[in-house]
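These values consider heavy atoms only, across backbone and side chains, with no hydrogens, waters or symmetry-generated copies. First listed ligand is number 1; within each ligand, the first listed atom is number 1.
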Amino acid sequence: MAFFAYLFFMQDLRAEFPFFVENPGLCYLDSAATSLKPKAVIDALVRYNRAESVNVHRGVYALSQKATETVEAVRAQVVDFTLAQRENTAIFVRGTTEGINLLAHILTSPESELAPFFTSFASPKKPAILLSEAEHHANIVPWQIVARRHGYALFYLPVNKEGELQISKAWLETILATHALRIIALSLQSNVTGIIHDLAPLRALAHEQGSIFIVDAAQAIVHARTELRQLVPDFAVFSGHKIFGSTGVGAVVGAKPVLDACTVYQGGGAMISLVEKEQSQYLEAPARFEAGTLPIGEIYALGAALDFAKKHEQAIVENDAELTAYADECLRRNNIGFFGDNTTRRSAIYSLRLDGIHAHDIGTLLDEQGIAIRAGHHCCQILMRALGVTATARASFSVYNSRDDVDRLVEGLRYVRKIFRKSA
Ligand code: PMP
């Protein structure tokens, strides 16, 4: 597309987000925390609550059946959008955090029968889980809880000072000499640096060791869908709110036969076939993992969000590349450092390095100029330690951002630097 046609197209796309009408002039650079919602998504949420506000999987009346059909259609859409392998299904959860808690629980429980699918589960060696230092707390703490409960060892792939994964064969061989690597759980894209990790060698390791390979796709779902699909993980987990959807819903995607061999997570209504006083029988996956009433309106909205993401996939990918190239250039020209500067595969999430200026001061001074970024450890304390900082100021872009937003950020950062030079 010619450059000006592209600009007009992107302006039209931005107009689909009512947030900018409600918050005129705000430069929103916190999409890694949560993305804005297009009108179609808000409309879907409202449509459910206004016109189809009934429960699913229970009612015999037509409207309940219609709502059930919508929910099941979104489930199929989630599988199709993420890992479209024939055996796969999707479990609706609150988001990535709940999804990883669910997997941690069911995949380490002695009641699950996973040896027929993953040979590491038949090994007499001490069971282990492999994570990395780049993980979000959502992909660390649930594993710590179950590791302690079931006697698993936890290992962390190290990262270098830029936040890139360091895969050492010798290091892995030492672990494998004494441990059966049952689970490898890694984020495909960092929410701190925007680095899209090359997980292919770890995918190969999982195949070789008969391990379960899980991808935290919270960020990658928007920025690296192609890589996600190429990896063919056993499970992928994401949150709807990071991909233009509502908060309150996300999904775990994985093979139904494996899930059927797993013990249940939460108990309650809608996940059983028979309840007796002493025990109950459970439904098959995914229903057995969906106790209680689903977030139905949010699922409607997720369907609209995935439609939006699919329809505008090319624009999302092109704008990401365009803004990354432009921001890289502008930041470098102004001597503003950022983590992952030398990494080849990365997209528009920047953890900035303004020496001697605290991340929170940067955030506050930018806020005064109408620029919303995030400052803190970004739920990645282990990564912060590896990078040698306690916090970073993070600016993250999405499809509704443009070069103007990059210019405003850089101007804002120049102002921050000026203030601090004066007061120094
Ligand atoms: N993993 C990564 C990489 C993330 O960026 C996030 C959200 N910042 C999460 C997990 C947790 O997502 P949620 O809070 O939606 O459960």
Side-chain angles (χ1 to χ4, degrees), residues 28-37 41 78 82 90-105 131-145 156-157 159 163-165 184-197 199 214-225 227-228 231 233 235-253 265 295 298-299 301-302 305-306 339-340 345-351 372-384 386-387 391-398:
Y28 183 72
L29 299 181
D30 198 17
S31 295
T34 195
S35 70
L36 303 180
K37 286 82 179 139
V41 168
V78 167
T82 52
I91 303 165
F92 289 118
V93 286
R94 263 172 51 222
T96 310
T97 304
E98 191 184 36
I100 297 174
N101 274 281
L102 182 150
L103 286 177
H105 179 91
L131 310 172
S132 89
E133 291 180 344
E135 301 312 307
H136 187 280
H137 296 163
N139 196 30
I140 294 176
V141 185
W143 299 112
Q144 290 176 338
I145 295 170
Y156 292 84
L157 276 172
V159 297
E164 296 164 317
L165 292 189
I184 302 178
L186 299 164
S187 58
L188 177 51
Q189 182 174 29
S190 165
N191 59 312
V192 172
T193 59
I195 292 174
I196 296 165
H197 300 293
L199 299 186
I214 301 170
V215 171
D216 168 353
Q219 300 293 336
I221 190 81
V222 203
H223 302 285
R225 187 165 85 101
E227 282 91 340
L228 173 68
L231 275 173
F235 293 100
V237 192
F238 74 96
S239 307
H241 72 97
K242 307 254 191 210
I243 181 156
F244 314 116
S246 170
T247 52
V249 74
V252 171
V253 184
Y265 179 49
E298 287 75 6
I299 293 173
L302 180 61
L306 296 183
F339 289 98
R345 191 71 181 101
R346 171 167 67 64
S347 78
I349 300 176
Y350 291 90
S351 265
I373 62 147
R374 169 117 181 236
H377 55 61
H378 316 293
C379 300
C380 292
Q381 290 185 4
I382 293 177
L383 178 59
M384 292 293 120
L387 299 178
T392 73
R394 181 189 72 187
S396 51
F397 296 79
S398 187

Handout entry: Among H136, M384, H137, the one residue meeting side-chain contact (heavy atoms from CB on, under 4.5 Å) with H378
Key =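 Exactly one pass, corresponding to M384.
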Problem - CA sep, side-chain torsions, deciding dist, call: H377, L383, side-chain contact (heavy atoms from CB on, under 4.5 Å) - result: CA-CA 9 Å; H377 55 61; L383 178 59; over 6 Å; no
Practice task
For the pair V237 and V252, evaluate side-chain contact (heavy atoms from CB on, under 4.5 Å) and give the outcome as yes or no after the intermediate values.
Solution key: CA-CA 5 Å; V237 192; V252 171; 4.2 Å; yes
Practice task
Only counting residues at least two apart or in another chain, list the ones meeting salt bridge (Lys or Arg N to Asp or Glu O under 4.0 Å) with E227.
Solution key: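 With neighbours one apart ignored, the set is R345.
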Handout entry: Test side-chain contact (heavy atoms from CB on, under 4.5 Å) applied to I195 and F339, step by step
Key = CA-CA 9 Å; I195 292 174; F339 289 98; over 6 Å; no
Can you produce the list of protein nitrogen or oxygen atoms under 3.5 Å from a nitrogen or oxygen of ligand 1, alongside each distance?
residue, atom, partner, partner atom, Å
ligand 1, 1 (N), D216, OD1, 3.3
ligand 1, 1 (N), D216, OD2, 2.6
ligand 1, 5 (O), Q219, NE2, 2.8
ligand 1, 8 (N), H136, NE2, 3.3
ligand 1, 8 (N), K242, NZ, 2.6
ligand 1, 15 (O), S239, OG, 2.7
ligand 1, 15 (O), H241, NE2, 2.7
ligand 1, 16 (O), T96, N, 3.4
ligand 1, 16 (O), T97, N, 2.9
ligand 1, 16 (O), T97, OG1, 2.6

Practice task
Report the relative orientation of the aromatic rings in Y350 and F397; use parallel for angles under 30°, tilted for 30 to 60°, perpendicular for over 60°.
Solution key: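 Because their plane-to-plane angle is over 60°, the rings of Y350 and F397 count as perpendicular.
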